[in-house]
Amino acid sequence: MTLLKRLFVIVFFFVVIGAGALSYGYYYLSQPFISSSVNEPLILEFPKGKHARYVITQVSEHYALDESIWDNKQLRYGFSRLLGGVSHLRAGVYEVKPEHNWFDVWSMVSNGDELQFSVTLVEGHTLQQWLFTLNSAPYLSGDAKSAANALQESLGPTVDSLEGLLLPETYTYRAYSTVSGILKNAYESMQKTLADVWSNRSEACPVESPYELLILASIIEKETGISGERSLVASVFANRLAIGMRLQSDPTTIYGIEDFDGNLTRAHLREKTAYNTYRINGLPPTPIAMPSKASLEAAANPDDSPFYYFVADDTGGHVFSETLEEHNKAVRRYQLNKE
């Protein structure tokens, strides 16, 4: 065999070996992790400054991948360097699912397709309840109370509280986003929503400013969680405000009680506070909770009704009455169980 033929055979041999290795590499990197003994997703935290080997170690250990001579971290790294594209990895938090493979992992981390987290800020909850929720949210940076104080300060001296100024919604974020960013988003969303609702208010709207609308909507939010009742509850308060009748709302009174223990007493109702609408005329000075868009719309567009009273029934809704006599009868039936 001539030297040229020998060289050809050697080159052909290595080409075949290389092609086989590449084929095996593609096959190896494309196998889902679900074939392993662990099928729970991995929340992969990939800090700045870490190497691709860090990712390989985290995924390998989580999914208990085999460490035999034909299947080990060095082989994974080698094939990944050759075929997976591991040169430009982005720090972040990622979710590696059992059905993923190594190609999926490298694509995800290279493109920065981070795991999206969410926090739901519930309508009818108070600012203090929201701050607790935000402090409990995973991968969210910063102290909620400090962030709220900073936002309030940035709004100027005329803003005494953020209560009612933030829109209830589910907010999504990436890991290590800030609480202040969520609060700012919620404030801006409420400003837009409030402006839209205010511009579409009806002539029956009983308040004179967008902020008063927030206050009234927050009371409606606390009085009923039934969507079909909001406009009817709004009509009761609109009717009362129109004739100078006190709102007499339990939720406002409760909001003004420090360390309320869940038992609203006659003594509470007699005590004159800024929020006791049994003792003060008109609206309380601030919202008492975070109102939803639906409650804002109800406050801006109350039903045309003859009702001045309502009381909770035994179905989760309310019984509405036009006269005090009818109302007292409903109270005896549903609250005092005397009929």
Inset, instruction - Check the pair R174, S177 against side-chain contact (heavy atoms from CB on, under 4.5 Å), reporting the backbone distance first and the verdict last. - result: CA-CA 6 Å; R174 291 188 174 191; S177 295; 4.2 Å; yes
Legend entry - Stepwise side-chain hydrogen bond (donor to acceptor under 3.5 Å, both in side chains) test for S110 and R90: CA-CA 6 Å; S110 295; R90 301 185 183 183; over 6 Å; no
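Cluster membership for L214 and L155, using ILVMFWY side-chain heavy atoms within less than 4.5 angstrom, is shared. Hydrophobic clustering (ILVMFWY, side-chain heavy atoms < 4.5 Å, transitive): L65 and V109 are in one cluster. Cluster annotation: L247 and L264 are assigned to distinct hydrophobic clusters (Ile/Leu/Val/Met/Phe/Trp/Tyr, side-chain heavy-atom contacts under 4.5 Å, transitive). Hydrophobic clustering, with ILVMFWY side chains joined whenever heavy atoms are under 4.5 angstrom apart, groups L89 together with Y77. Two different hydrophobic clusters hold V93 and V59 under the rule that ILVMFWY side chains link at heavy-atom gaps under 4.5 Å.
The two residues P284 and I215 make their nearest non-hydrogen contact at O-CD1, 3.5 Å. Heavy atoms only, all atoms of each residue included: A330 and V311 are closest at CB-CG1, 3.6 Å. Of all non-hydrogen atoms in T286 and Y275, the two that sit nearest each other are OG1-OH, 2.6 Å. The shortest non-hydrogen separation linking M190 to L166 is CE-O, 3.4 Å. A312 and Y334 make their closest contact through O-CB, 3.5 Å (heavy atoms, listed as atom of the first residue, atom of the second, distance). The two atoms that bring W106 and A52 nearest to each other are CH2-O, 3.6 Å, heavy atoms only.
Atoms CD1 and OG, on I288 and S161 in that order, are 12.0 Å from each other to the nearest 0.5 Å. Of the inter-residue distances, the one linking E95 atom CD with D113 atom CG reads 12.5 Å to the nearest 0.5 angstrom. In this structure, CG in L151 is found 8.5 Å from CG in L165, a value given to the nearest 0.5 Å. Between the NE2 atom in H100 and the OG atom in S30 there is a gap of 14.0 Å [rounded to 0.5 Å].
Checking side-chain atoms of S202 against main-chain N and O of A204 turns up a donor-acceptor pair under 3.5 Å. A donor-acceptor contact shorter than 3.5 Å is absent between the side chain of N301 and the backbone of R201. Between the side chain of S60 and the main chain of T57, no donor-acceptor pair closer than 3.5 Å is present. In this structure, E326 contributes its side chain and E322 its backbone to a donor-acceptor pair below 3.5 Å. Side-chain N or O atoms of N239 include one that pairs as donor or acceptor with a backbone N or O of F307 at under 3.5 Å. With E169 contributing its side chain and T120 its backbone, the two residues share no donor-acceptor pair below 3.5 Å. Counting only distance, with no hydrogens or angles, the side chain of T193 and the backbone of S189 share a donor-acceptor pair below 3.5 Å. Counting only distance, with no hydrogens or angles, the side chain of Y63 and the backbone of E40 share a donor-acceptor pair below 3.5 Å. Side-chain N or O atoms of Q58 include none that pairs as donor or acceptor with a backbone N or O of V55 at under 3.5 Å. Looking at T252, its side chain does come within 3.5 Å of a backbone N or O of S249 through a donor-acceptor pair.
Annotation for D261: atom CG counts as buried by contact number, over 12 foreign heavy atoms lying within 6.0 Å. Within a 6.0 Å sphere centred on CZ of F132, heavy atoms belonging to other residues, nucleotides or ligands number 12 at most.
Between F33 and W102, the angle of the ring planes goes over 60°, which puts this pair in the perpendicular group of the 30/60° scheme. Using a 30° and 60° split on the angle between ring planes, H318 and F310 fall in the perpendicular class, above 60°.
A side-chain donor-acceptor contact under 3.5 Å links T253 and N276. Y255 and S218 are not linked by any side-chain donor-acceptor pair at a separation below 3.5 angstrom, with hydrogens and angles left out of the test. Between the side chains of Y173 and N185, no donor-acceptor pair is found at a separation under 3.5 Å. Judged by distance alone, the side chains of Y176 and E45 do bring a donor and an acceptor atom under 3.5 Å apart. A side-chain donor-acceptor contact under 3.5 Å links D313 and T315.
Under the side-chain contact (heavy atoms from CB on, under 4.5 Å) rule, P210 has a single partner from L194, V197, L296, which is L194.
With a 4.5 Å cut-off on side-chain heavy atoms, E223 and I219 count as touching. Side-chain contact between L115 and Y94 is absent, with no heavy-atom pair separated by less than 4.5 Å.
Legend: salt bridge (Lys or Arg N to Asp or Glu O under 4.0 Å) pairs involving residues 224-246, not counting sequence neighbours, sorted by first then second residue: E221-R230.
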